[in-house]
Amino acid sequence: MSIYVFVYGTLRAGEINDLAQAAARRGLPPARYVGPATVPGVLVDFGAWPGLIPVADGRRVRGDLYEVTPALVALMDEIEEYAPGQPCCFVRRPVLAQPLAPPDAAPVACEYYPIDPAHRGAAVDVADDDWVAYRRARGPQAAR
């Protein structure tokens, strides 16, 4: 059984929790990269990692769409410290991701990990829609 997931921060390729590397370390089947996509939301900066806050005002966040196995979703839950029914900063939720190519691509039902807005704290708003581009432009920064 395959599940689609949208990742926007540290689970993206080359980032500190790179999904492919995390799967390889656990001996899990690799995620299949589907392509770049967007979901409704805005980013906030916690220093070493981002959060995504869902919004319905037209703003979108860029990230990557993958097809994964349930075992890889369980690993992602662990990385994001998500436990169903427990208070968590990150929550796993369904969302419709819009692939960026081809231009007429249909939205894809997937899972993603926005933050619970109650856990936002002092995280700084990010004007950019892409965490990786923002982080690289910002430069190194310690966790807040």
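The figures here come from the full heavy-atom set of this structure, side chains too, leaving out hydrogens, waters and symmetry mates. Values in this document were obtained by computation on a predicted structure and should not be read as measured data.
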Does a side-chain heavy-atom distance below 4.5 Å link [X] with [Y]?
{"X": "Phe46", "Y": "Val124", "value": "no"}
{"X": "Ile3", "Y": "Pro70", "value": "yes"}
{"X": "Pro54", "Y": "Pro114", "value": "yes"}
{"X": "Cys88", "Y": "Asp116", "value": "no"}
{"X": "Glu15", "Y": "Leu11", "value": "no"}
{"X": "Val7", "Y": "Met76", "value": "yes"}
{"X": "Thr38", "Y": "Val61", "value": "no"}
{"X": "Leu52", "Y": "Val39", "value": "yes"}

Under-4.0 Å salt bridge between Arg135 and Asp45: no

Do you know the tightest heavy-atom contact between [X] and [Y]?
{"X": "Tyr4", "Y": "Glu67", "value": "CE2-CB, 3.9 Å"}
{"X": "Ile115", "Y": "Gly51", "value": "CG2-CA, 3.6 Å"}
{"X": "Cys110", "Y": "Ala97", "value": "SG-CB, 3.7 Å"}
{"X": "Ala20", "Y": "Asp18", "value": "N-OD1, 2.9 Å"}
{"X": "Asp128", "Y": "Asp130", "value": "OD1-N, 3.0 Å"}
{"X": "Val44", "Y": "Val126", "value": "C-CG2, 3.8 Å"}

Please, which pairs that meet side chain to side chain donor-acceptor pair (under 3.5 Å) have at least one residue in residues 74-85, sequence neighbours excluded? Arg26-Glu78, Asp77-Arg92, Asp77-Tyr113

Can you get from [X] to [Y] by hopping between Ile, Leu, Val, Met, Phe, Trp and Tyr side chains that sit under 4.5 Å apart?
{"X": "Val34", "Y": "Leu100", "value": "no"}
{"X": "Leu65", "Y": "Leu96", "value": "no"}
{"X": "Val95", "Y": "Val55", "value": "yes"}

What pairs with Arg60 under salt bridge (charged side-chain N to carboxylate O under 4.0 Å, His left out), at least two apart in sequence or on another chain? none

Excluding sequence neighbours, so at least two apart, what forms salt bridge (charged side-chain N to carboxylate O under 4.0 Å, His left out) with Asp129? none

Taking Arg120 for its side chain and Ala123 for its backbone only, find out whether a donor-acceptor pair lies under 3.5 Å. yes

Backbone of Ala105 reached by a side-chain donor or acceptor of Gln98 within 3.5 Å: yes

Contacts of type ring pair (Phe, Tyr, Trp, His ring centres under 6.0 Å), residue Tyr66, not counting sequence neighbours: Tyr33

Mind checking ring pair (Phe, Tyr, Trp, His ring centres under 6.0 Å) for Phe90 and listing every partner two or more places apart, or none if nothing turns up? Trp49

With sequence neighbours left out, what residues match Asn17 under side chain to side chain donor-acceptor pair (under 3.5 Å)? Thr10

Run the numbers on Arg93 and Tyr112 for side-chain contact (heavy atoms from CB on, under 4.5 Å), then give the verdict. CA-CA 6 Å; Arg93 298 284 185 261; Tyr112 76 142; 3.9 Å; yes

May I have the step-by-step check of side-chain contact (heavy atoms from CB on, under 4.5 Å) for Leu19 and Leu72, ending in yes or no? CA-CA 9 Å; Leu19 190 55; Leu72 197 46; 4.0 Å; yes

